[in-house]
**Student:** 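Once you've had a glance at the structure underneath, I'll fire off some questions.
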Number of protein chains: 2
Amino acid sequence: MSTTNKPTAKQVAHAAEVSLSAVSRAFSPNAPIHPEKRKRILAAAEAIGYISPARRTAEVIAEGTITLVAGDLLNPFYPTVLDLLARRLQESGRQLVVYALPANSDVDAATDQILASRPSAVIVTSAQLTSKMARACRQHQIKVVLLNRVQRDIRINAVACDNYQGGRDVGRLLLERGHRKIGFIGGVANTSTHAERARGFREVLAEAGVSTHAQSLGDFEYPGGYVAGQTLLSMKDPPSAIFCCNDIMALALIDVARERGVRVPEDLAVVGFDDIPMASWNAYRLTTVRQPVELMVQEALGLIDDTNIKPTDDGITRMLTGSLVLRNSV
Amino acid sequence: MSTTNKPTAKQVAHAAEVSLSAVSRAFSPNAPIHPEKRKRILAAAEAIGYISPARRTAEVIAEGTITLVAGDLLNPFYPTVLDLLARRLQESGRQLVVYALPANSDVDAATDQILASRPSAVIVTSAQLTSKMARACRQHQIKVVLLNRVQRDIRINAVACDNYQGGRDVGRLLLERGHRKIGFIGGVANTSTHAERARGFREVLAEAGVSTHAQSLGDFEYPGGYVAGQTLLSMKDPPSAIFCCNDIMALALIDVARERGVRVPEDLAVVGFDDIPMASWNAYRLTTVRQPVELMVQEALGLIDDTNIKPTDDGITRMLTGSLVLRNSV
DNA sequence: CGACAAAGTGAAAAAATTTCAATGTCAACG
DNA sequence: CGTTGACATTGAAATTTTTTCACTTTGTCG
């Protein structure tokens with residue numbers, strides 16, 4: 001038989017063994033219907049591939065929506081991304097929905113909320129996205145792009161600065177300037193930004209027969225960097241140069257140094273990563289690795305807009321090179 | 001005559017003198033219909049008050065959406081607001097859409113785009129709201145709340161820190177510390193934040209028989225503040241204290257001072273406004289007026305959620321008091 | 001226990017969407 | 001200069017969906 005016509009509500013009704021009315025109600029947000037029943041109907045509809053006309057237009061309207069899942073909006077690097085992203089999307093008539101994930105929030109709950117709004121794509125800058133989220137998005141035909149994150153265990157699209165290379169560049173710079181007692185202030189251990197930057201940095205040092213003189217974790221934020229800086233600078237034999245895994249922590253370190261009368265760069269060389277606006281401020285003049293934010297945003301949108309890439313495809317990773325910005329902290 | 005039932009597509013069809021099919025098509029985003037005709041039908045539908053069922057469900061779905069129109073995400077004050085707002089909304093199952101407005105545009109340009117997504121409310125932290133936008137929102141039953149902005153010419157809801165009082169507090173502080181040559185670095189002339197802070201500040205000075213020793217505008221951003229700072233500090237008889245209209249400019253001023261060997265606070269007292277995170281950093285330790293961001297966000301959402309307040313009502317202004325935070329820059 | 005409200009239901013009525021054949025328009029072509 | 005065909009647009013009719021309405025069930029309160 002197979003009169004392969006579009007699926008209708010009647011078919012769903014039959015499949016779910018309910019009345020036609022019930023099917024219609026299942027798709028109306030405020031209609032009186034038992035939640036269980038609605039769930040059953042929605043499941044049946046999904047199986048058959050039925051979408052109510054109302055839902056269909058709603059989806060077309062929501063088509064231009066891209067959701068950004070951001071972890072740490074207080075790190076000035078992310079507002080830069082956010083600002084750029086919002087502008088680019090507006091130019092193409094789309095809009096940006098922002099989810100600020102609190103530090104130790106329930107990611108799964110957020111996942112449901114995010115999916116409920118049916119964005120056409122999700123951009124994730126937050127570290128704590130579970131593979132559940134990735135799977136759920138795939139199922140719902142929603143593209144996911146990680147921005148400034150790479151995750152090896154999940155096959156997912158990602159755009160990031162080449163953190164490994166950046167780490168190498170910093171290491172090389174410090175070696176060239178003659179430093180041998182070199183310290184490192186890391187971010188959060190299980191993030192790709194931390195791991196890759198640390199790896200590149202350590203490898204270059206190792207190649208020159210130098211090992212990290214001292215290190216500490218600073219969780220990517222000012223207070224953490226401040227504490228880590230205090231730890232390293234109170235050592236009996238403190239490092240003469242410190243690479244901080246991001247700019248905010250580098251600024252905190254400079255503040256610690258300032259407080260202790262340690263001169264930067266004479267007594268201590270400091271290098272950061274990101275090139276946030278404050279890095280160029282006079283109080284700091286921080287040498288750092290600039291992330292090509294504009295390009296990164298562009299690439300991320302490119303991955304989303306490329307119709308050859310399907311949400312269910314294996315992930316593509318676009319690696320962009322950062323550039324060392326020499327200022328006065330080295 | 002007055003069988004006052006809900007308006008149907010048939011009535012619209014009759015009013016617009018088109019077929020029933022056409023009305024349906026006018027409401028389907030991708031349906032084949034002459035744009036002119038669609039416009040005519042949509043106008044007729046609006047007049048009658050007809051909403052297609054598809055559109056209706058779409059609206060219910062979008063119900064939990066609040067749009068933030070932000071101008072300057074690169075001023076660290078706004079990410080704080082954004083972060084808080086996104087969290088609060090998530091807690092109540094709603095979501096935040098962000099529009100980043102280019103620096104000098106008014107809201108008008110984005111009005112259509114903003115209204116197209118039919119948010120249940122709009123929060124504006126940026127720029128000028130035109131009466132056109134206010135009218136449009138009123139018409140569409142969308143609540144508008146200005147945050148950190150007050151506009152006297154339009155009757156609209158607003159939540160803001162008491163900038164006038166904050167300006168007074170700063171002025172009084174500087175007078176108490178014995179300063180008489182007091183400078184001022186302003187933001188953007190026609191903004192309420194600039195105007196009110198300046199007014200309170202000047203009034204207190206005037207009451208003590210002191211007039212502003214020198215002043216300059218810095219457009220609320222770091223580079224502007226930097227230039228303004230240079231201007232004031234290169235005077236033959238520079239001020240001994242300067243009030244900057246926001247923190248970012250105050251930090252820029254401190255950087256200028258640092259560069260010129262002008263000691264803060266010994267040679268120059270600096271006060272800002274906002275209390276952004278960097279103000280408490282060691283490099284600056286800026287004395288400033290803290291805006292009660294958490295309260296402001298809460299009040300803004302309160303205005304939105306209060307069902308007694310209708311979108312068409314006259315505006316309510318909630319003024320919250322800021323608090324002087326004494327650090328080491330005075 | 002009985003009255004009553006609230007929630008949920010299917011059949012049928014009402015309304016909206018989609019199909020389909022027809023019409024008009026316009027540019028390319030013979 | 002007429003013909004052809006592709007294409008967009010249309011209204012009537014067919015189909016599909018939504019809503020109404022009368023009824024049932026369930027649980028609560030007096």
Side-chain angles (χ1 to χ4, degrees), chain A residues 1-64 93 116-118 140, chain B residues 1-64 93 116-118 140-141 307:
Chain A
M1 19 122 272
S2 89
T3 48
T4 338
N5 287 329
K6 272 167 205 164
T8 75
K10 203 189 261 181
Q11 293 171 31
V12 175
H14 189 259
E17 301 185 311
V18 294
S19 74
L20 180 58
S21 319
V23 176
S24 173
R25 285 194 264 257
F27 280 94
S28 280
N30 292 331
I33 186 173
H34 194 89
E36 287 282 308
K37 194 175 215 175
R38 166 176 280 149
K39 227 172 98 185
R40 194 150 47 87
I41 294 173
L42 256 34
E46 174 128 21
I48 294 182
Y50 170 78
I51 307 172
S52 79
R55 185 68 50 146
R56 211 175 310 143
T57 38
E59 273 176 25
V60 172
I61 291 170
E63 193 155 83
S117 68
R118 304 243 161 212
H140 290 267
Chain B
M1 30 95 285
S2 93
T3 45
T4 336
N5 286 330
K6 272 165 203 164
T8 75
K10 203 189 262 181
Q11 295 171 28
V12 176
H14 189 260
E17 300 184 313
V18 293
S19 74
L20 181 56
S21 321
V23 176
S24 173
R25 284 194 265 259
F27 280 94
S28 280
N30 293 330
I33 186 172
H34 195 90
E36 288 283 308
K37 193 174 217 175
R38 165 175 282 149
K39 224 171 99 186
R40 192 150 47 86
I41 294 172
L42 256 34
E46 173 127 19
I48 295 182
Y50 170 78
I51 307 171
S52 79
R55 187 67 53 149
R56 212 173 309 143
T57 39
E59 274 178 25
V60 172
I61 290 171
E63 189 156 86
S117 67
R118 303 248 162 206
H140 291 268
Q141 298 284 310
T307 48

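As a basis for the values below, the full set of heavy atoms in this structure was taken, side chains included, without hydrogen atoms, waters or symmetry mates.
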**Student:** Taking only the side-chain nitrogens and oxygens of B:Tyr50, find out if one of them lies under 4.0 Å from OP1 or OP2 of C:dA16.
**Tutor:**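 Yes.
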**Student:** C:dG10, C:dA16, D:dT18: which one has an atom nearest the side-chain heavy atoms of A:Ser19?
**Tutor:**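 Nearest nucleotide to the side chain: C:dG10.
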**Student:** Tell me the interatomic distance from B:Lys10, atom NZ, to D:dT17, atom P, rounded to whole angstroms.
**Tutor:**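 To the nearest whole Å, that distance equals 20 Å.
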**Student:** Over how many whole Å does the gap from A:Leu20 atom CG to C:dA13 atom P extend?
**Tutor:**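 Interatomic distance, CG of A:Leu20 to P of C:dA13: 14 Å.
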**Student:** Looking at every strand, decide which applies to B:Pro32 at a 4.0 Å heavy-atom threshold: base, sugar-phosphate, or nothing.
**Tutor:**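 It contacts base atoms.
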**Student:** Could you tell me whether a side-chain N or O of A:Arg38 sits under 3.5 Å from a main-chain N or O of A:Val23, the two making a donor and an acceptor?
**Tutor:**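 Not confirmed, A:Arg38 side chain does not pair with A:Val23 backbone.
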**Student:** With respect to the side chain of A:Ser24, which nucleotide from D:dT16, D:dG11, D:dT19 is positioned closest?
**Tutor:**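 Side chain of A:Ser24 sits closest to D:dT19.
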**Student:** With a 3.5 Å cut-off and just heavy-atom distances, do the side chain of B:Ser21 and the base of C:dA16 make a donor-acceptor pair?
**Tutor:**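 No, no donor-acceptor pair under 3.5 Å.
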**Student:** Whole angstrom is fine here: how far is it from CD1 in A:Ile33 over to C1' in C:dG10?
**Tutor:**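 My rounded result for the distance is 12 Å.
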**Student:** Looking only at the side chain of B:Arg56 (C-beta and beyond, no hydrogens), which of the listed nucleotides D:dT19, D:dT9, D:dT17 gets closest?
**Tutor:**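 The answer is D:dT19.
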**Student:** From D:dT10, C:dT9, C:dT18, pick the nucleotide closest to the side chain of A:Arg25?
**Tutor:**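 Out of D:dT10, C:dT9, C:dT18, the nucleotide with an atom closest to A:Arg25's side chain is C:dT9.
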**Student:** Indicate yes or no for a side-chain donor-acceptor contact from A:Arg56 to the backbone of A:Ile51 under 3.5 Å, with no hydrogens or angles considered.
**Tutor:**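 Yes: the side chain of A:Arg56 pairs with the backbone of A:Ile51.
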**Student:** When you measure from the side-chain N and O atoms of B:Lys37 to the phosphate of D:dT9, is any distance below 4.0 Å, counting only OP1 and OP2?
**Tutor:**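 No, no such contact exists.
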**Student:** If you check the B:Ser28 side chain, which of C:dA12, C:dT9, C:dT18 turns out closest?
**Tutor:**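 My answer, after comparing the listed nucleotides, is C:dT18.
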**Student:** The side chain of A:Pro35 lies closest to which of these nucleotides: C:dT17, C:dG8, D:dT16?
**Tutor:**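 When the side chain of A:Pro35 is considered, C:dG8 is the closest of C:dT17, C:dG8, D:dT16.
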**Student:** From C-beta outward on B:Thr8, which listed nucleotide comes closest to its side chain: C:dA16, D:dT9, D:dT18?
**Tutor:**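 Within the option list, the nearest is C:dA16.
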